[in-house]
Amino acid sequence: LLSPGQVRLLTLVVAGGGFMIANSVYLALAGRAAGVGDDPDHLPVTYQVMLALHILVGVAVFCPALTFALWHLRKALLRKSRGTVPTGISVVLAMTVIMVTGFFILTAANTRDNQWAFISHQVLALLLPFLYLAHRRLSFDPPPGRSAWIASGRMLALVLFVGLIH
């Protein structure tokens, strides 16, 4: 099981991850459905703030998430719960590639030549929550189903709130 410090750190990481999911949904919907970003000279202030927060929170969540993973790894290896180590490693690899491609998108922009970075960033971002849920479901102490529904409801509420602000 997790130490009290690990629980606090994981809570911070999951909260940041929840924000990133809600933020990503907003950015995707605004960009695809509303056509925001088609004219980069005229971006709504809300969209600009959400994009800046996407970058800032993404970087801010990565370091504690990696710290947690490394801190948690020793106990995880000792427990030998079936499937948890491969899914845990998948989570860490996915979040690392998301971070690297995110920086690549920032520095090399989202051009046709660099579309691979943008697509892999989006695909892995879509997969990451499911990899984490698989990791938790296979863990020594899986969460009850109710807590997953509560967390999903909170993320949906955040998406709706940001949508209303926009």
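Residue numbers run from 1 in the order of the sequence given. Note that these values count all heavy atoms, side chains included, but never hydrogens, waters or copies made by symmetry.
Two residues are said to be in side-chain contact when any heavy atoms from C-beta on lie closer than 4.5 Å; Phe118 and Thr101 fail this criterion. Counting only heavy atoms from C-beta outward, the side chains of Leu126 and Gln122 never approach each other to under 4.5 Å. You'll find the side chain of Val91 reaches within 4.5 Å of the side chain of Leu128, heavy atoms only. Here the side chains of Phe62 and Leu66 are in contact, with some heavy-atom distance below 4.5 Å. Using a 4.5 Å cut-off on side-chain heavy atoms (C-beta onward), Tyr47 and Tyr26 make contact.
Classification of the Tyr132-His135 ring pair by plane angle, with boundaries at 30° and 60°, yields tilted. Note on ring orientation: taking the six-membered ring where Trp is involved, the planes of His54 and His121 are perpendicular (angle over 60°, cut-offs 30° and 60°).
Considering CG of Leu27 and CE of Met50, their distance stands at 6.0 Å, rounded to 0.5 Å. The distance from the CE atom of Met99 to the OG1 atom of Thr96 is 8.5 Å, given to the nearest 0.5 Å. For the atom pair OG1 (Thr67) and NE2 (His72), the distance works out to 14.0 Å, reported to the nearest 0.5 Å. Considering OG of Ser120 and CD1 of Ile105, their distance stands at 7.0 Å, rounded to 0.5 Å. Atom CG of Leu2 and atom CG of Leu9 lie 10.0 Å apart (nearest 0.5 Å). How far CG of Leu77 is from OG1 of Thr84: 8.5 Å, rounded to the nearest 0.5 Å.
Both Leu10 and Val7 are part of a single hydrophobic cluster, where members link through side-chain heavy atoms under 4.5 Å apart. With hydrophobic clusters built from ILVMFWY side chains whose heavy atoms lie under 4.5 angstrom apart, Leu106 shares a cluster with Leu124. Transitive grouping of hydrophobic side chains (ILVMFWY, heavy atoms separated by less than 4.5 Å) brings Leu12 and Leu70 into a common cluster. In this structure, Val57 is a member of the same hydrophobic cluster as Val45, with clusters built from ILVMFWY side-chain heavy atoms closer than 4.5 Å.
When every heavy atom of Leu131 is checked against every heavy atom of Ala94, the shortest pair comes out as CD1-CB, 3.9 Å. Between Gly58 and Met20, the shortest heavy-atom distance links the atoms N-SD, 3.6 Å. A pairwise comparison of heavy atoms in Val61 and Gly16 identifies CG2-CA, 3.6 Å as the closest pair. The nearest pair of heavy atoms linking Gly5 to Trp71 is C-CH2, 3.5 Å. Taking both residues in full, the closest heavy atoms of Val36 and Pro44 are given as CG1-CD, 3.6 Å, listed atom of the first, atom of the second, then distance. Residue Val92 comes nearest to Ala69 through the heavy atom pair CG2-CB, 3.5 Å, listed as atom of the first residue, atom of the second, then distance.
No donor-acceptor contact under 3.5 angstrom links the side chains of Thr11 and Arg8, judged on distance only.
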